[in-house]
2 protein chains.
Amino acid sequence: MNPPPKPHSAATQLPPGSSAAPPDTSIDTRERILAAGAEVIGRKGFNGSGLNEILTLAGVPKGSFYHYFASKEEFGVALIERARDQYLEELKESLYDRKRTPLQRLRAIFTETRNQCQAQGPTVECLIPKLALETATLSEPVHAAVRCVYQQWSAIIAQLIREAQSVGEVDRAQDADRLANVLVMMWEGAAIRMQIDRSIQPLDDFLAFVFDGLLHPRR
Amino acid sequence: MNPPPKPHSAATQLPPGSSAAPPDTSIDTRERILAAGAEVIGRKGFNGSGLNEILTLAGVPKGSFYHYFASKEEFGVALIERARDQYLEELKESLYDRKRTPLQRLRAIFTETRNQCQAQGPTVECLIPKLALETATLSEPVHAAVRCVYQQWSAIIAQLIREAQSVGEVDRAQDADRLANVLVMMWEGAAIRMQIDRSIQPLDDFLAFVFDGLLHPRR
DNA sequence: GCCAAATTAGACCAGTCGTCTAGTGCCGCA
DNA sequence: TGCGGCACTAGACGACTGGTCTAATTTGGC
């Protein structure tokens, strides 16, 4: 299975992660808007956040916004792509760590995310699930971006599961794609419950259930 | 615009003995606003929906809104409670059906919900998860109502699991409360995925995974 | 016919997204 | 050194909608 089509992203302007920290304004401004947007929209939702608040937080005048983004909707798409890229970047190390077995890697990426949620306190952002639900019937472009992210995410998990199966860590009778979908579903549900209960307990429940029971190497 | 058809309303729960006033128009107006609100907000989200649209759909003048609800926020709380009551009402029959074993009952309530989602088409409402995420950091009263619903829901599932354990349908080594939380999490995740993929496949994946694997009576 | 309660109409202003024009600073080119 | 064009900043402005609230109207019991 091929990775989903990569949409036009900031990569057209500069190679990712090349610059250390130049006080360059142009790229920096766009990024500042995105960072502020992720913060505010992660807290108050897409429709609940006005551009004014986002731009005030970013310290960027309104005129600049529409230089970098055609509309608030397109801004939402950019937000999702940014969140996906950041997340994958964070997990890259664990994902391709050849010193660990596939199942260990699978466990690592969930555990790392859990630890990050804990570090960030009880009001984590969870930007993507939030935008997913809010724009599912509201904005087709944002919805498409969200769907793309989830397919990619499921594919990554499925691949790990297949590797784990090939080394005998996971029962080969399980359908890897369906199992991956179930894991993603469960994880998203846990993330929601974390928001509702304002506790990382659901994430711990997920980890314990999956890695100490469901996929436990010794059966 | 023609007036919206009257929602197929079974007798809504009525505060017992509050007044002898016949519940003709007054309750009906309130209910009409709630029904329209569930429809619109389920589609476009809480912040994405204006009172104007809701009230136009309900055929109720704007001024009346604040006679029945103190604020939009309180309206949100009422919406959640209504959704919960409706849902529990629908499931009541299966929940307490003594002709079925506990595990069969557990399966029935999820299957029924799945069938209803299928009947309602690909854009089901999913009001509660939507409001849950949108208001988690926005409105404390709504958030509290949401949390209450989830706790109740988890407790119901846990009780069913305990009954299933007591008749040997489910492994007694499993902690019923944690298993219940995991099921709820998974179900919510499946509901989200249903919205994203616009398909009930995730619900079917859930059902197959849980009832043909995880909890399958024959091990 | 009258009064109080139930209900409605519509004004209200803060805030929405998006537009627009004027202004700034920086670049290559002469 | 000066010039012209371009990328970007700056923020006022407009058309509109948001939720809220007060004042007016209807309603119904006496």
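Small disclaimer: the values here were computed from a predicted structure and weren't measured. A note on names: the letters A, B, ... follow the listed sequences, proteins ahead of strands, and every chain is numbered from 1.
A salt bridge links A:R162 to A:D177: at least one charged side-chain nitrogen sits closer than 4.0 Å to a carboxylate oxygen. Using a 4.0 Å cut-off between a side-chain N of Lys or Arg and a carboxylate O of Asp or Glu, A:D204 and A:R114 qualify as a salt bridge.
By the salt bridge (charged side-chain N to carboxylate O under 4.0 Å, His left out) test, A:R178 is found to be paired with no residue, residues two or more places apart in sequence or in another chain being considered. Remark: A:F209 engages no residue in a ring pair (Phe, Tyr, Trp, His ring centres under 6.0 Å) (not counting sequence neighbours). Partners of A:Y150 by ring pair (Phe, Tyr, Trp, His ring centres under 6.0 Å), not counting sequence neighbours: none found.
For DNA chain D, the neighbouring residues in residues 69-78 of chain B, judged by any heavy atom under 4.0 Å, are B:S71, B:K72.
In this structure, CG of B:L138 is placed 14 Å from C1' of D:dG18, rounded to the nearest angstrom. Atoms CG (A:L51) and P (D:dC13) sit 19 Å apart, rounded to a whole Å. Atom CG in A:L55 sits about 14 Å away from atom C1' in D:dC8, given to the nearest Å. Rounded to whole Å, atom P of C:dT7 lies 12 Å from atom CZ of B:R30. Between the CG atom of B:N47 and the P atom of D:dT17 there is a distance of 17 Å, given to the nearest Å. Rounded to whole Å, atom P of D:dC8 lies 11 Å from atom CD1 of A:I33. As a whole-Å value, the separation of A:F65 CZ from C:dC17 P is 9 Å.
Between A:N52 and C:dG15, a side-chain N or O to OP1/OP2 separation shorter than 4.0 Å is absent. Contact between the side-chain N/O atoms of B:S64 and the OP1/OP2 oxygens of C:dT8 is found at a separation under 4.0 Å. The phosphate of D:dT9 (OP1 or OP2) has a side-chain N or O of A:Y68 nearer than 4.0 angstrom. For B:H67 and C:dA6, the shortest distance from a side-chain N or O to OP1 or OP2 is not below 4.0 Å.
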Below 3.5 Å is the cut-off: list the nitrogen or oxygen pairs between protein and nucleotides 20-27 of chain C, distance only.
none

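Side chains of B:H143 and B:E134 form no contact here, defined as non-hydrogen atoms less than 4.5 Å apart.
The closest side-chain donor-acceptor pair between A:S64 and A:R32, if any, does not fall under 3.5 angstrom.
Geometrically, B:K72 engages B:F46 in a cation-pi contact defined by less than 6.0 Å to the ring centre and at most 45° from the axis.
For residues 137-161 of chain B, every residue pair satisfying the salt bridge (charged side-chain N to carboxylate O under 4.0 Å, His left out) rule, not counting sequence neighbours, is listed here: A:R198-B:E140.
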